Amino acid sequence: QTCALPIYIDALPLDDPATFDLLRRADTIGVFQLEGGPMRALLRAMAPTHFEHVSAVLALYRPGPMAQNWHTEYAERKNGKKPVIFDHPDLEEILGPTYGLMIYQEQLMRVSQKLAGYSLEEADNLRKATGKKIRALIAKEREKFVEGCVANGHERDFAERYFDTIEPFADYSFNKSHTVGYGYITYQTAWLKANYPVQYLAALLTSVKTNLDKAAVYLNDCRQHDIPVLVPDVKSSRVDFSCEFSDAAGAIRFGLSAVRNVGEGVASLIVAAREEDGPFADFHDFCDRVDPTVLNKRAIESLINGGAFDSMGHPRKGLLAAFEPIVDAAVRRRRERDAGTMSLFDLGEDSGAAPVFDDRLPIPDVEFDKGERLRAEKEMLGLYISDHPLMGVEHALRRHAECAVVDLLELEDGTMRSVAGVVTGLARKYTKKGDQMAVFTLEDLESSIEVTVFPRTLTEIGHKLLDDGVVTVKGRLDKRDESRVGFNVLDVQVLDVLDIVDAAPLRLRVPATSLTEARVRQIKAILSEHPGASPVFLHLGQGKVLRLGDEFRVDLDRAVGELRMLLGHDAVVL
């Protein structure tokens, strides 16, 4: 994963297998122009194998080609699911590289020259006219195009039909020179992610360190790739996010400058002190060596809560209780040294002997519980890093929602959905009329969304809302403001994390000889219809037991009756 040689990003091979494998998987979070859900779906359908396909996907995912379903048609023709056809033999040379479909403005211009006898200037005027959406100009170009086609020996009906496809296409279409330029940047970022994922994701996190919504997306992508993101550490963190490698396995270390109340100036001073005299031994050593500018209460408190002193063995709660007098003592000693004053306790320091008396204040060995520790960590880092309230229960949580939070972004305004996650940043506000409302952020492991609870709904469900509570929220998507995506709550259900994970199992005694294909379908249908928290075990006889996947966890109260009717009372064991 480390780079022995420099990478010349503008001289990459355009046939890198790892890059095209990444593109075919649509593993393109963080890849230029390819992050959206529908775009990734198109990538999977297209299964690109050449750079031309990367260029094409950017041009196809535009309103013009999509209005005529050319993006899907391209993918199916490219993969041999549909035949490549041409509206006229004269178009084969022009549209051959794009499987008979017109996806670039340059193709429009060449088609008008070939079919209607346009000059290059006239062809460019046609492109401009359709792109400007001025109806009078388009009507004039339609007449000119049709007459030109007829003069070249084509049927008038064919010319009319072909212009019908040109008009909506050109409204929102790319020129090839533009999309190739974009496509090359897309390919470069895909190449970096495919070949150097740890370094690339570290760079991405640095680029969005002030945009928590985007940082959460990239943090989840790190988790999906089994790349650990480590809490900041004054002994090893750089100013920005950085990479750490051990036995070829890579991790990303949180940057000191991304910690709340720290910033690049303080972070740079910490790194400079460490590089000058080596790693800090403990918190006392840190306070003695860093520039006094670093030793301000807000910055130190933020670093403690963010985990930046964990590697020294100091518990966060204990260090928070003790750090102020330790800092004061370090600042006082430094002032005394600068003034030429020697303390009795300084004797022996220059000789290398142990000090006559150790006046260092002790740090209590006490720690927060997990919930408190994570709340404070998230406040300082903006994200849950060392752990997450939902970690380990994500599969169970998914059964309580219709979609993930990130999926809401692809839905239309006004769509009703239920989503599950943890409540953060809960704030109660008042409307102009004096009625109380609430806003909070709902966060799952992948993303987050701003949630609004209007006064009438708040009177009904307000008692269920608590910071760090795990909930299922039912509501309506709000996309009226182009600058944000919101979610308006209609109902909230509180989830007990222990209940949804540790529910009692359901055991079905079904001999393998009676487990026909039809019986399997019936069991699956019942389990799918009543999702819940209980794991399901199939006892097949002769000591064979099969545990079904988490997607088949079931609600005992609702499913037991139907299963007993299907399998018999004795076959269903609670």
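Bear in mind the structure is a predicted one, so any value in this text is a computation, not a measurement.
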[X] side chain vs [Y] backbone, donor-acceptor pair below 3.5 Å:
X	Y	value
Glu35	Gly30	yes
Thr457	Val453	no
Thr28	Leu34	yes
Thr179	Lys176	no
Asp16	Pro13	no
Ser112	Met109	yes
Thr186	Phe32	yes
Thr472	His400	yes
Arg127	Glu106	no
Lys82	Glu76	no

Measure up the [X] and [Y] rings against each other and bin them: parallel (under 30°), tilted (30 to 60°), perpendicular (over 60°).
X	Y	answer
Tyr162	Phe145	parallel
His154	His88	perpendicular
Tyr196	Trp191	tilted
Phe51	Tyr184	perpendicular

Item to check | Set of salt bridge (charged side-chain N to carboxylate O under 4.0 Å, His left out) partners for Arg253, sequence neighbours left out | outcome: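 Residues passing salt bridge (charged side-chain N to carboxylate O under 4.0 Å, His left out) with Arg253: Glu244.
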First locate atom [atom1] of [X], then atom [atom2] of [Y], and finally report the distance between them rounded to the nearest 0.5 Å.
X	Y	atom1	atom2	value
Glu73	Leu60	CD	CG	11.0 Å
Ser242	Leu205	OG	CG	11.0 Å
Tyr99	Phe86	OH	CZ	11.0 Å
Asn175	Leu108	CG	CG	11.5 Å
Tyr61	Leu42	OH	CG	8.0 Å
Arg40	Leu43	CZ	CG	9.5 Å

Validation row: [X], [Y] side chains within 4.5 angstrom (heavy atoms):
X	Y	answer
His53	Val57	no
Ile29	Gln224	no
Ile385	Leu230	no
Ile85	Arg77	yes
Leu515	Ile523	yes
Leu115	Asn152	no
Ser534	Arg553	no
Val419	Asp444	no

Item to check | Carboxylate-amine/guanidinium proximity below 4.0 Å for Asp478 and Arg480 | outcome: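 Salt bridge flag = yes for Arg480 with Asp478.
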Next on the checklist: With a 4.0 Å cut-off on N to O distance, would you call Glu264 and Lys209 a salt bridge?
Outcome noted: yes
Next on the checklist: What I want to check is whether the side chains of Gln105 and His178 have a donor and an acceptor closer together than 3.5 Å.
Outcome noted: no
Next on the checklist: For Glu377 and Ser386, which I'm curious about, is there any donor-acceptor pair between the side chains at under 3.5 Å?
Outcome noted: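 Side-chain D/A pair, Glu377 to Ser386: present.
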Next on the checklist: Centroid separation under 6.0 Å, is that true for the rings of Phe241 and Phe254?
Outcome noted: yes
Checklist outcome for this item: Sorted by chain and number, sequence neighbours left out, side-chain hydrogen bond (donor to acceptor under 3.5 Å, both in side chains) with Asp27 holds for Arg25, Lys193, His225
Next on the checklist: Test salt bridge (charged side-chain N to carboxylate O under 4.0 Å, His left out) on Glu160 and Arg156; report intermediate values, then the result.
Outcome noted: CA-CA 6 Å; Glu160 291 279 5; Arg156 181 176 295 273; 5.1 Å; no
Could you report the tightest heavy-atom contact between [X] and [Y], atom names first, then the distance?
X	Y	value
Asn79	Met46	ND2-O, 3.2 Å
Ala251	Val198	O-CG1, 3.7 Å
Met102	Trp70	O-CZ3, 2.8 Å
Ser257	Val239	OG-O, 2.7 Å
Leu442	Ala420	CD2-C, 4.3 Å
Arg44	Ala26	NH1-CB, 3.4 Å

Next on the checklist: Applying side-chain contact (heavy atoms from CB on, under 4.5 Å) to Arg62 and Ile103, what does each step give before you reach the verdict?
Outcome noted: CA-CA 10 Å; Arg62 303 289 160 184; Ile103 66 174; over 6 Å; no
Answer yes or no: are there more than 12 heavy-atom neighbours, outside [X] itself, under 6.0 Å from its atom [atom1]?
X	atom1	result
Glu402	CD	yes
Glu92	CD	no
Glu147	CD	yes

Next on the checklist: Run Val473 and Val423 through side-chain contact (heavy atoms from CB on, under 4.5 Å) and show every step you take.
Outcome noted: CA-CA 10 Å; Val473 176; Val423 175; 5.9 Å; no
Next on the checklist: For a salt bridge (charged side-chain N to carboxylate O under 4.0 Å, His left out) check, start with the C-alpha distance between Arg161 and Glu155, then their side-chain angles and the critical distance, and finish with the verdict.
Outcome noted: CA-CA 10 Å; Arg161 283 189 290 105; Glu155 297 290 335; over 6 Å; no
Item to check | side chain to side chain donor-acceptor pair (under 3.5 Å) evaluation trace for Thr98 with Gln107 | outcome: CA-CA 10 Å; Thr98 52; Gln107 289 176 311; 2.9 Å; yes
Item to check | Within 45° cone of Tyr118 ring axis and under 6.0 Å: Lys144 NZ or CZ | outcome: yes
Item to check | Passing candidate, side-chain contact (heavy atoms from CB on, under 4.5 Å) with Arg417, options Leu411, Asp407, Leu477, Val405 | outcome: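 The passing option is Leu411.
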Checklist entry - Are Phe552 and Leu538 close enough, and set up right, to give a side-chain contact (heavy atoms from CB on, under 4.5 Å), and what steps lead you there? => result CA-CA 12 Å; Phe552 292 110; Leu538 285 182; over 6 Å; no
Checklist entry - Can you check side-chain contact (heavy atoms from CB on, under 4.5 Å) on Leu204 and Lys214, steps first, answer last? => result CA-CA 9 Å; Leu204 282 176; Lys214 204 66 176 175; over 6 Å; no
